[in-house]
Amino acid sequence: MANTIHTTLGETEYFPGIGRIRYEGPDTDNPLAYRFYDESRVVAGKTMREHFKFAVAYWHTLCGTGGDPFGPGTKAFPWLRATDPVQQAKDKMDAAFEFITKLGLPYYCFHDFDLIAEGDTLAESERRLHTIGDYARAKMAASGVRLLWGTANLFSHPRYMNGAATNPDFAALVQAGAQVKMALDLTIALGGENYVFWGGREGYQSLLNTDMKRELDHMARFLDAAKDYARKNGFTGNFFIEPKPMDPSKHQYDFDCATVIGFLREYGLDKDFKLNVEVNHATLALHSFQHELQVAANAGMLGSIDANRGDYQNGWDTDQFPNNVYEITEAMLVILEAGGLQGGGVNFDAKTRRNSTDPDDLFHAHIGGIDVFARALLAADAILEKSAYRQLRRERYASFDSGEGQAFEKGQLSLENLAEIARRNGEPAQRSGKQEMFENLLNRFV
Ligand code: XUL
Ligand code: CO
């Protein structure tokens with residue numbers, strides 16, 4: 001294969017000619033360098049490395065060969081060549097750790113069967129996950145790379161066509177249970193810091209054949225059982241739900257952050273579960289990313305981020321790498337003001353385009369996304385520390401800081417009191433929202 005060479009150690013190098021990606025500053029001409037991500041630079045009391053906890057998503061970066069509904073994959077990744085599943089999984093993991101360490105990133109994330117192909121039986125799958133788990137543990141120890149989160153793929157196999165935890169057939173639900181148990185075991189064994197649930201097929205294609213209430217009850221029971229099992233087995237990390245409104249199902253129950261927060265509270269799961277907010281899922285729900293972050297932050301549930309972007313023209317989940325500094329600066333403002341992410345980090349749930357077929361395209365994609373976040377962090381920190389942004393926003397609410405406004409906030413005024421004050425005060429003076437000025441303020445710092 002043109003783009004692999006064998007090193008003197010006999011181990012294949014999958015990205016020859018690419019060394020450790022380093023910070024070289026904004027003026028460098030080197031496309032394989034960071035311009036803004038300086039991992040040890042301290043911003044707002046933390047290093048950039050600590051702020052972001054950047055993670056490589058195994059499914060897109062190592063497994064995604066560019067197939068779409070109109071044609072097969074285009075990327076002949078050399079690490080996928082072996083036909084023996086265990087050998088293929090080890091090759092893929094060698095490539096993964098070479099890639100992650102060359103980028104200098106601290107974390108990765110996976111679904112169970114991203115790591116190794118599912119077996120024909122649960123016992124065979126479990127054997128395979130043990131084998132690749134041992135291999136991963138050694139790789140992680142040697143490199144210092146850690147597991148940000150693990151998850152189970154409960155949406156690809158045909159048995160989940162009617163859902164996993166919300167499947168109307170108990171026989172399918174128990175398969176999902178067995179799979180989550182194995183994925184939790186693996187996550188715990190690898191010191192995974194969090195565990196994610198994305199309900200790809202937890203929803204419906206038609207309400208006509210669906211008992212929504214019963215399915216939601218089942219989903220809550222399932223999450224509760226998974227949580228109890230993990231806690232009993234020593235897992236101290238966070239459970240995250242990843243909202244998404246649709247695709248592949250017509251309607252997913254975890255539609256958006258507000259819906260998930262309501263669900264978690266209704267079923268008493270809000271102490272153990274937080275949210276993993278994905279950019280393109282937010283926009284599919286017709287929200288902005290920053291809106292979804294703010295909703296999660298308001299509930300104290302802003303756990304982690306799946307970084308990517310959608311497309312302004314296309315209404316589906318294009319999962320492109322982030323490249324919009326203005327948008328991510330708005331996001332970083334929310335994250336910084338919320339005091340950071342709770343337990344999670346920034347996972348690049350993003351894929352290079354189908355016609356980006358060179359091995360170095362994976363590097364360009366990640367470097368670009370990483371630098372967008374770094375630049376946005378610097379801008380957001382400057383906006384908060386050096387501009388009048390916070391003060392200007394606070395001043396809009398100044399009438400609640402004292403007197404009757406404050407009494408209202410404290411719950412001391414009845415509706416009759418409000419009516420009385422209105423009559424006494426008369427029509428309020430007009431006060432501009434100054435939106436364009438706020439927008440310009442942000443633009444000044446990006
Ligand atoms: C799909 C998606 C998933 C989750 C993990 O839209 O975002 O890859 O992040 O299951
Ligand atoms: Co995601």
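Both ligands and their constituent atoms are indexed starting at 1 by order of listing.
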*Asks:* Judged by modelled atom types alone, do D371 and Y23 share a side-chain donor-acceptor pair under 3.5 Å?
*Replies:* no

*Asks:* May I ask you to test the H60-D319 pair for a side-chain heavy-atom distance under 4.5 Å?
*Replies:* yes

*Asks:* Under 4.0 Å from any heavy atom of D306, which atoms of ligand 1 are there?
*Replies:* 9 (O)

*Asks:* Report the nearest protein non-hydrogen atom to atom 5 (C) of ligand 1: residue, atom name, distance rounded to 0.1 Å.
*Replies:* H111 NE2, 3.2 Å

*Asks:* K244 heavy atoms, cut-off 4.0 Å: which ligand 1 atoms fall inside?
*Replies:* 6 (O)

*Asks:* Out of all atoms in ligand 1, which are within 4.0 Å of some heavy atom of D317? Include the element for each.
*Replies:* 6 (O)

*Asks:* Is the ring pair F197/F239 parallel, tilted or perpendicular, if the boundaries are 30 and 60 degrees?
*Replies:* tilted

*Asks:* If the plane angle is over 60° it's perpendicular, under 30° parallel, otherwise tilted; pick one for F77 and W79.
*Replies:* parallel

*Asks:* Does a side-chain heavy-atom distance below 4.5 Å link E39 with F52?
*Replies:* no

*Asks:* Indicate yes or no: does an N/O atom of N276 lie under 3.5 Å from an N/O atom of ligand 1?
*Replies:* no

*Asks:* Mind checking whether H281 has a heavy atom under 4.0 Å from ligand 1?
*Replies:* yes

*Asks:* Taking distance alone, with N or O pairs closer than 3.5 Å, would you say D319 contacts ligand 1?
*Replies:* no

*Asks:* Can you tell me if Y253 and E215 form a side-chain donor-acceptor pair at under 3.5 Å?
*Replies:* yes

*Asks:* Compute the centroid of each ring, for Y37 and then for F54, and state whether the two points are separated by less than 6.0 Å.
*Replies:* yes

*Asks:* Hey, does W149 come in under 3.5 Å of ligand 1, counting only N/O atoms on both sides?
*Replies:* no

*Asks:* With 2.8 Å as the limit, jot down which protein N, O or S atoms are around the Co ion (ligand 2).
*Replies:* E242 OE2, E278 OE1, D306 OD2, D349 OD2

*Asks:* Please indicate whether any nitrogen or oxygen in W198 is less than 3.5 Å from any nitrogen or oxygen in ligand 1.
*Replies:* no

*Asks:* Which word best sums up how the rings of H287 and H291 line up, parallel for under 30°, tilted for 30 to 60°, or perpendicular for over 60°?
*Replies:* parallel

*Asks:* Could you check whether the rings of H111 and W59 sit parallel, tilted or perpendicular, using 30° and 60° as the cut-offs?
*Replies:* perpendicular

*Asks:* Just say parallel, tilted or perpendicular for the rings of F99 and F363, cut-offs at 30° and 60°.
*Replies:* perpendicular

